[in-house]
Amino acid sequence: MTPFRITKLLDPITTGLDRLAQDNHNPDVKRIVRSALMIYVIYHSSSLLPYHRFVWGDLMPAYHGHTAGGSALVWILTWSRVAAEHGLQLWVVLAQLACAGMALAGVAPRLTVPAVYVLTMNVNAMNPVILDGGNNLSQLLLFYLCFIELGGAGPAGSKRRALANSVSNCALFVAQLQVVAVYLCAGLYKVNGELWQNGMALFYIFQVDEYTHPLVHDLMLSAPWLSVIGTYFTLAFQLSFPWVVWQRGWPRRLVISAGIMLHTGIALVMGLFAFGMVMCLVYTLFLEQSTAQAICARLARVRASLPRLRVRAPADAT
Amino acid sequence: MNTTSLRRILPALAVAITALHIGMTALYLSPSSIVRRETQSLWAPYMSTLFHQNWHLFSPDPGLASTKLAVQCHWDDGASSDWIDPAEPVLSASYGGRRLLGYGKLMYIIREIPRGLQRDMVVAYNECRKQHGPADPADSANDECTLAILAADVSRHGAGAAARNFAIDVCLGVAHDRPLSAVDYKVIDFMPLKYSDRARFADEGIGWSQVIETAYPTITIVDEETPR
């Protein structure tokens with residue numbers, strides 16, 4: 001093969017690498033994803049703040065079986081267990097909320113987002129009993145967000161900017177793949193279950209006290225065909241999401257709408273409010289830049305229209 | 001090497017690391033296979049600390065039982081309470097809309113108490129059977145692995161101790177000024193109605209196909225010296 005042909009073959013790759021490095025793609029999407037994750041972190045911790053001694057402190061009744069110790073990395077992510085033993089769990093949670101608030105406000109996100117990640121891992125380490133799939137996913141996405149935030153760092157045209165943009169753009173893609181992996185795995189595991197195959201999974205799930213509501217419990221027993229619809233809808237959604245979400249336009253909007261419907265039901269009916277909330281929030285990863293830009297512009301207009309607090313200097317008072 | 005080449009190496013490096021991470025995650029999440037088993041020494045240390053994940057969300061089959069801890073209090077004056085479900089106030093509040101305010105998560109903690117106890121009992125039973133061999137129905141009186149014997153040890157540490165302490169706390173919370181003499185507690189599994197039996201709910205008001213109770217030895221309260 002002549003050098004000219006080799007160069008022609010490598011053209012798409014080099015063009016792709018140049019695109020990856022030159023621009024921080026989807027900057028408004030990244031901004032919205034950061035806000036979404038911070039909203040979840042703030043909601044999750046603040047809803048449990050009134051019960052901090054019961055959830056993370058000395059009044060915690062369930063046995064969580066963890067011990068402090070391990071490698072340096074494990075220590076960085078679990079030092080809060082020692083703090084909780086000394087009654088300092090509230091300060092860990094407050095620090096997490098403070099950093100999340102700053103990250104939400106856009107204050108030094110390249111510093112505050114990693115701080116939120118470390119503090120969230122520590123808050124979660126204090127009581128693994130309360131963690132569910134939503135916490136698992138948010139931990140992973142917060143880690144990726146630390147790299148997503150690097151986009152645009154460094155002087156324009158510099159190698160540092162090239163690396164930062166590449167890492168940021170790759171991290172966004174990995175975060176999207178992570179969400180897809182959740183649905184792919186959950187769907188494939190379900191398909192192997194007899195109750196999911198015969199459409200009766202929801203009939204039995206909605207008889208478990210902590211995963212139901214009395215109205216839905218009675219409805220499911222009186223109209224079991226609803227279980228068949230709901231079960232197959234869940235399967236169809238989870239198995240189609242990994243493929244349809246990459247299609248721009250109405251297919252993506254349709255599958256995300258289905259997801260919002262499913263997770264709102266999970267949040268309100270099954271009591272898994274935090275889980276349902278985070279699953280809806282992570283759909284922001286799949287926003288198109290034009291949509292994200294419009295949302296950010298609208299929020300900026302709203303912020304600009306709010307009355308501003310004016311502080312008068314003493315000389316202005318006269 | 002010119003600047004353009006160097007600037008392409010950096011994104012190439014980012015892509016390579018991304019591809020490696022995606023590959024490791026794919027292996028971690030993939031079903032059991034010879035490739036997964038043979039490469040476990042590579043992906044397991046990488047994934048376990050920062051990227052642990054489990055997406056068995058009510059799958060392959062959802063858990064069916066509603067597991068509860070029930071507590072009965074006995075006081076020095078001879079009075080006893082009804083069986084108390086400590087989860088009931090939290091569950092009722094959760095149904096009333098407080099699941100938006102963290103009550104759903106509080107339920108995770110309360111339901112973990114009986115489940116942790118059951119798990120510890122199963123582990124203790126299996127260990128005991130390994131040590132003493134299979135159960136002999138003809139000689140059940142000398143069986144070393146009965147609930148009473150195992151519960152005494154299980155309730156001294158871990159989830160067993162947590163369940164025991166929680167039961168005592170429930171009774172202390174019921175009437176703090178009355179001297180408590182003993183506490184009974186049991187784990188109750190409520191199995192759901194089968195599809196074929198669903199008419200029993202409408203006709204007879206029966207909500208469960210089966211109720212399995214596992215009663216644990218009574219806790220005798222010896223003033224402040226009760227080991228907690």
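Naming convention: chains lettered A, B, ... in sequence-line order (proteins, then strands); numbering from 1 in each chain. Only heavy atoms go into these numbers, but all of them, side chains included; no hydrogens, no water, no symmetry mates.
The two residues A:T234 and A:L262 have their closest heavy-atom pair at OG1-CD1, 3.6 Å. When all heavy atoms of B:K186 and B:Y216 are compared, the closest pair comes out as CA-CD1, 4.3 Å. Between B:L64 and A:Y204 the shortest heavy-atom distance is CD2-CB, 3.5 Å. Shown here for A:T14 and A:D11, the closest heavy-atom pair between the two residues is OG1-O, 2.9 Å. Closest heavy-atom contact between A:P61 and B:F166: CB-CD1, 3.5 Å.
Within the cation-pi definition used here (under 6.0 Å to the ring centroid, within 45° of the axis), B:R111 qualifies as a partner of B:Y108.
Heavy-atom distances place the backbone of A:A267, and not its side chain, under 4.5 Å from chain B. Of the two parts of B:A65, only the backbone, made up of N, CA, C and O, holds a non-hydrogen atom closer than 4.5 Å to a non-hydrogen atom of chain A. Contact annotation for A:V269: only backbone heavy atoms (N, CA, C, O) come within less than 4.5 Å of a heavy atom of chain B. Heavy atoms of B:F190 lying under 4.5 Å from chain A are absent altogether. Residue contact with chain B, scored on non-hydrogen atoms closer than 4.5 Å, involves the side chain of A:L77 exclusively. Looking at A:D132, the atoms closer than 4.5 Å to chain B (heavy atoms on both sides) sit in the backbone and in the side chain alike. In this structure, chain B has no heavy atom under 4.5 Å from any part of A:F147. Looking at B:L50, both its backbone and its side chain come within 4.5 Å of chain A, counting heavy atoms on both sides. For chain B, no part of A:F206 is nearby; none of its heavy atoms comes within less than 4.5 Å. Only the side chain of A:V174 has a heavy atom closer than 4.5 Å to any heavy atom of chain B. Residue B:I22 touches chain A through its side chain alone, counting heavy-atom pairs closer than 4.5 Å. Using a 4.5 Å cut-off between heavy atoms, A:I13 does not touch chain B at all. Only the side chain of B:K68 comes within less than 4.5 Å of a heavy atom of chain A; its backbone N, CA, C and O stay farther away. For A:N135, the part sitting under 4.5 Å from any heavy atom of chain B is the side chain, from C-beta outward, and nothing else. Proximity to chain B (any heavy atom under 4.5 Å) is shown, for A:A186, by both the backbone and the side chain.
Atom CG of B:N54 has more than 12 neighbouring heavy atoms from other residues, nucleotides or ligands inside a 6.0 Å radius. Within a 6.0 Å radius of CD1 in B:I34, no more than 12 heavy atoms belonging to other residues, nucleotides or ligands are found.
Here B:Y103 and A:F273 keep their ring centres 6.0 angstrom or further from each other. Outside the 6.0 Å centre-distance limit, the rings of B:F58 and A:Y189 are not counted as a close aromatic pair. For A:Y144 and B:H21, the ring centers are positioned less than 6.0 Å apart. Ring pair B:Y46/B:F51: centre-to-centre distance below 6.0 Å.
When each of A:A21, A:C170, A:A162, A:A171 is scored by its heavy-atom pairs under 4.5 Å with chain B, the top score falls to A:C170. Counting heavy-atom pairs closer than 4.5 Å to chain A, the top residue among B:S66, B:G102, B:A14 is B:S66. The candidate from B:P31, B:S30, B:P62, B:P60 with the greatest count of non-hydrogen atom pairs under 4.5 Å with chain A is B:P60. By number of non-hydrogen pairs under 4.5 angstrom with chain A, the leading residue of B:I113, B:L117, B:T67 is B:I113. Looking only at heavy-atom pairs under 4.5 Å with chain B, the residue among A:L140, A:N192, A:L137 that has the most is A:L140. Interface check for chain B: of the options A:D218, A:L49, A:V191, A:L177, the most heavy-atom pairs under 4.5 Å are formed by A:D218. Of all the listed residues (B:L106, B:T25, B:L91), the one sharing the greatest number of non-hydrogen pairs under 4.5 Å with chain A is B:L106. Taking A:L188, A:L20, A:I205, A:L215 one by one and counting their heavy-atom pairs under 4.5 Å with chain B, the maximum is reached by A:I205. Note: B:L29 leads B:L29, B:I17, B:L13 in heavy-atom pairs under 4.5 Å with chain A. The candidate with the highest count of non-hydrogen atom pairs below 4.5 Å against chain B, out of A:M121, A:Q238, A:M270, A:Q197, is A:M270. Chosen from B:M107, B:R115, B:M191, the residue pairing most often with chain A at heavy-atom distances under 4.5 Å is B:R115.
Heavy-atom neighbours of chain B within the stretch residues 219-227 of chain A, taken at a separation under 4.5 angstrom, comprise A:L221, A:P224. Heavy-atom neighbours of chain A within the stretch residues 120-128 of chain B, taken at a separation under 4.5 angstrom, are nonexistent.
Side-chain contact check for A:L17 versus B:V15: some heavy-atom pair is nearer than 4.5 Å.
Using the six-membered ring where Trp is involved, A:F233 and A:F237 have ring planes that are parallel, under 30° apart on the 30 and 60° scheme. Ring geometry, A:H217 versus B:W208: the interplanar angle falls from 30° to 60°, so the pair is classed tilted. A tilted orientation is assigned to the rings of A:F241 and A:Y183, their planes being inclined by 30° to 60°.
Between the side chains of B:Q53 and A:Q178, a donor-acceptor pair is found at a separation under 3.5 Å. Between the side chains of A:Q22 and A:N165, not a single donor N or O lies within less than 3.5 Å of an accepting N or O. Judged purely by distance below 3.5 Å, without hydrogens or angles, the side chains of B:Q118 and B:D189 pair a donor atom with an acceptor atom.
Under the side chain to side chain contact (heavy atoms under 4.5 Å, CB included) rule, B:K105 has a single partner from A:N127, A:I130, A:V55, which is A:I130.
In summary, B:R156 and B:D153 engage in a salt bridge, as defined by a charged side-chain N under 4.0 Å from a carboxylate O. Classification of B:R198 and B:E204 as a salt-bridged pair fails, no side-chain N sitting under 4.0 Å from a carboxylate O.
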